[in-house]
Amino acid sequence: MGFNRKIVAYFSQKLQSGFVVLFSSQAIRKAALSLVSIFLPIFLYEVLGKDMMLVVWFYLAIAVLYAVFLPLAARMLNYFKFKNALITGSLFGILMYAILVFTTPENAYLFIPIVLVVWTIFKLLYWVPYHTDFAKFIDPKDRGRGVSAMFATVSFAGVVGPILAGYILDKTSFGILFSVVVLLYLLSIVPLLRLPKVNETYTWGYAETWKKFFAKKYRRPLFAVGALGAENTIALIIWPIFIFLLLDGAVLDVGALSTIIFGAVVILQLALGRFIDVSKKQEYETLHIGSVLYALGWVGKVFVVTAFHIFIAGFYHGVTKIFTRTPFDTLVYEIAADQGHFVDEFTVLKEMALQFGAVISLVGVAVLLLFFSIEVTFFIGAGAALLLNLLYYQERDETFSGEQAKLPVHQLHY
């Protein structure tokens with residue numbers, strides 16, 4: 001009860017029940033994912049015969065399939081409804097990790113394609129309803145706090161998850177680790193049973209969605225979101241494998257380092273969320289400065305050669321990421337919320353942009369790996385981080401009108 005009161009006290013407005021339910025479910029889900037977020041790319045690297053290109057093609061296929069089928073899936077949500085989609089999507093997430101329990105190098109070429117399809121279905125069902133609901137359930141005055149609270153939850157889970165996962169892997173196997181994830185994932189469904197219904201109807205057809213995606217009015221924010229997808233790809237896929245290779249496969253050391261880095265940035269994350277909500281005019285400058293410093297972090301990672309370097313680079317990146325992603329995600333939620341009844345339509349465009357960014361990043365990785373070592377791909381992350389500034393220039397120039405969204409407006413909440 002004391003912990004719940006502290007969470008509520010962090011926000012300036014009374015929390016809607018929908019946000020509490022969504023936050024609770026996501027917190028449990030993030031606790032599960034904290035066990036595997038670092039180690040899933042490493043697992044795929046090992047079961048795919050330590051072939052980095054196969055790992056790249058795996059993630060590339062998911063990004064392409066998700067982007068291509070998302071407009072169709074969004075139309076289906078009109079009949080399936082958001083609450084049902086979130087629950088069903090979570091079940092597919094559970095199924096994915098259940099399949100991974102039994103995946104080995106010997107049967108990988110049978111099971112990994114199935115995982116690819118199941119993971120894509122999960123994404124198609126889960127992310128649009130989740131982001132739409134988040135945007136509608138958080139009070140406009142608490143949008144920065146909402147984003148920060150969610151990031152801080154990830155960080156809190158990241159304090160315990162990686163080292164616990166490293167210990168499990170050191171003593172047992174990936175199969176045991178994925179089994180624990182399945183159990184936690186099941187628990188994350190329980191809060192969703194009480195999720196309020198959201199009356200949103202996706203009105204665009206498949207062709208119209210693609211037309212809107214390339215429309216000039218959405219170009220700058222979607223380019224920025226695409227840059228985020230490109231940077232995320234390097235951070236979530238390439239960096240963990242790089243650490244694993246640098247530490248000679250010592251999974252416990254990988255987990256311990258990740259835990260230390262996560263634990264060092266939690267309090268700062270919460271403080272920034274309050275700062276953004278209190279000082280709205282500063283969020284754009286925070287994004288501008290933070291993205292430049294964040295890009296420099298990727299350049300620095302190119303020269304990492306020891307475990308100590310990993311810690312320094314990871315800590316620096318964790319801190320600068322806070323000053324970049326918190327205002328960035330807050331601004332994106334503002335754009336989505338300002339769409340009115342088009343919030344789910346814009347969310348689809350945003351998700352498509354993320355995947356296009358991932359595709360471009362992965363293709364770039366594949367090309368660079370033909371000629372250079374893995375750390376050279378970090379320059380892609382640096383370039384993508386700088387492009388996050390497109391949202392900063394968007395607000396500065398006051399050119400975005402989007403289906404009538406205005407960046408300076410602070411009405412509502414990835």
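Quick note: numbers below take in every heavy atom, side chains included, and nothing from hydrogens, waters or symmetry partners.
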*Give a yes or no on this: more than 12 heavy atoms of other residues, nucleotides or ligands lie within 6.0 Å of atom OH of Tyr79.*
no

*asked:* Within the structure provided, determine whether Leu247 and Ile310 are in side-chain contact (heavy-atom separation under 4.5 Å).
replied: yes

*Looking only at heavy atoms, which two atoms of Ala385 and Tyr294 are closest? And how far apart?*
CB-CD2, 3.7 Å

*Looking only at heavy atoms, what is the nearest atom pair of Ile114 and Ile99, with distance?*
CG2-CD1, 3.7 Å

_Over all atoms of both residues, closest heavy-atom pair of Pro129 and Leu86_ = CB-CG, 3.8 Å

*Is the CZ atom of Phe92 crowded by more than 12 outside heavy atoms at less than 6.0 Å?*
no

*Parallel, tilted or perpendicular: which describes the rings of Phe346 and Tyr218, with under 30° parallel and over 60° perpendicular?*
tilted

*Go through the steps to decide whether Ser37 and Leu236 satisfy the test side chain to side chain contact (heavy atoms under 4.5 Å, CB included), and finish with yes or no.*
CA-CA 7 Å; Ser37 59; Leu236 300 178; 5.9 Å; no

Using a 3.5 Å cut-off and no angle test, enumerate the donor-acceptor pairs between side-chain atoms of residues 42-60 and protein atoms at least two apart in sequence or in another chain.
unit_1 : atom_1 : unit_2 : atom_2 : d
Asp51  : OD1    : Met53  : N      : 3.0
Asp51  : OD1    : Leu54  : N      : 3.4

*When you look at Glu375 and Phe303, which way does the side chain to side chain contact (heavy atoms under 4.5 Å, CB included) test go after all the steps?*
CA-CA 8 Å; Glu375 60 267 26; Phe303 304 100; over 6 Å; no

*Taking Thr88 for its side chain and Ala85 for its backbone only, find out whether a donor-acceptor pair lies under 3.5 Å.*
no

_Val304 to His309 - nearest heavy-atom pair and separation_ = CG1-CB, 3.7 Å

*Please name the pair of heavy atoms, one in Val299 and one in Ala382, separated by the smallest distance, quoted to 0.1 Å.*
CG2-CB, 3.9 Å

*When you measure from the side chain of Ser25 to the backbone N and O of Ile189, does any donor-acceptor pair fall under 3.5 Å?*
no

*Rounded to the nearest 0.5 Å, how far apart are OH of Tyr97 and CG of Leu184?*
11.5 Å

*Considering only heavy atoms from C-beta outward, does the side chain of Ile28 approach that of Pro191 to under 4.5 Å?*
yes

*Near Phe69 CZ, under 6.0 Å, is it more than 12 heavy atoms from other residues, nucleotides or ligands?*
no

*Please find out if less than 6.0 Å separates the ring center of His317 from that of Trp239.*
no

*Is Arg75 reaching over with its side chain to a backbone N or O of Tyr202, donor-acceptor style, under 3.5 angstrom?*
yes

*asked:* Tell me if a side-chain donor or acceptor on Thr320 pairs with a main-chain N or O of Tyr316 at a distance below 3.5 Å.
replied: yes

_Test side chain to side chain contact (heavy atoms under 4.5 Å, CB included) applied to Tyr206 and Val68, step by step_ = CA-CA 10 Å; Tyr206 189 85; Val68 169; 3.7 Å; yes

_For Leu193, is there any backbone N or O sitting under 3.5 Å from a side-chain donor or acceptor partner on Lys83?_
yes

*Check whether any side-chain N or O of Glu345 sits under 3.5 Å from a backbone N or O of Thr203 as a donor-acceptor pair, and report yes or no.*
yes

_side chain to side chain contact (heavy atoms under 4.5 Å, CB included) between Ile168 and Phe178, worked out_ = CA-CA 10 Å; Ile168 292 173; Phe178 291 140; over 6 Å; no

_List the residues meeting ring pair (Phe, Tyr, Trp, His ring centres under 6.0 Å) with Phe82, not counting sequence neighbours, and say none if there are none._
none

*asked:* If we ignore hydrogens and angles and just use 3.5 Å, is the side chain of Asn84 paired with the main-chain N or O of Phe80 as donor and acceptor?
replied: yes

*Taking all atoms of both residues into account, what is the closest heavy-atom pair of Ala235 and Pro240, and its distance?*
O-CD, 3.4 Å

*OG1 of Thr132 to NZ of Lys350: how many Å apart, nearest 0.5 Å?*
8.0 Å

_Using modelled atom types and a 3.5 Å cut-off, is there a donor and acceptor pairing between side-chain atoms of Thr324 and backbone atoms of Gly290?_
yes

_Axial cation check for Tyr126 ring with Arg29, 6.0 Å and 45° limits_ = yes

_Main chain of Gly205, side chain of Thr209: is a donor-acceptor contact present, judged purely on distance under 3.5 Å?_
yes

_ring-ring contact (aromatic ring centres under 6.0 Å, His included) between Trp127 and Tyr66, intermediate numbers included_ = CA-CA 11 Å; Trp127 285 119; Tyr66 183 35; 8.7 Å; no

*To the nearest 0.5 Å, what is the distance between CZ (Phe242) and CZ (Phe244)?*
13.5 Å

*Verify, without hydrogens or angle tests, whether Ser361 (side chain) and Ala358 (backbone) share a donor-acceptor contact under 3.5 angstrom.*
no

*Any side-chain donor near an acceptor of the partner, Gln26 and Ser188, under 3.5 Å*: no

*Under 30°, 30 to 60°, or over 60°: which ring-plane class applies to Phe122 and Tyr185, parallel, tilted or perpendicular?*
perpendicular

*Note, Val302 side chain near Val376 side chain (heavy atom, < 4.5 Å)*: no

*Supply the atom-to-atom distance Leu40 CG to Leu33 CG, rounded to the nearest 0.5 angstrom.*
9.5 Å

*Ser90 OG to Leu95 CG distance, which is reported to the nearest 0.5 Å*: 12.5 Å

*Check whether any side-chain heavy atom of Pro71 lies under 4.5 Å from a side-chain heavy atom of Trp204, and answer yes or no.*
no

*Are side-chain heavy atoms of Lys123 and Glu351 found at a separation under 4.5 Å?*
no

*Atom pair CD1/OG1 of Ile238 and Thr377 - distance to nearest 0.5 Å*: 5.0 Å

*Report yes if some heavy atom in the side chain of Val36 is under 4.5 Å from a heavy atom in the side chain of Leu177; otherwise report no.*
yes

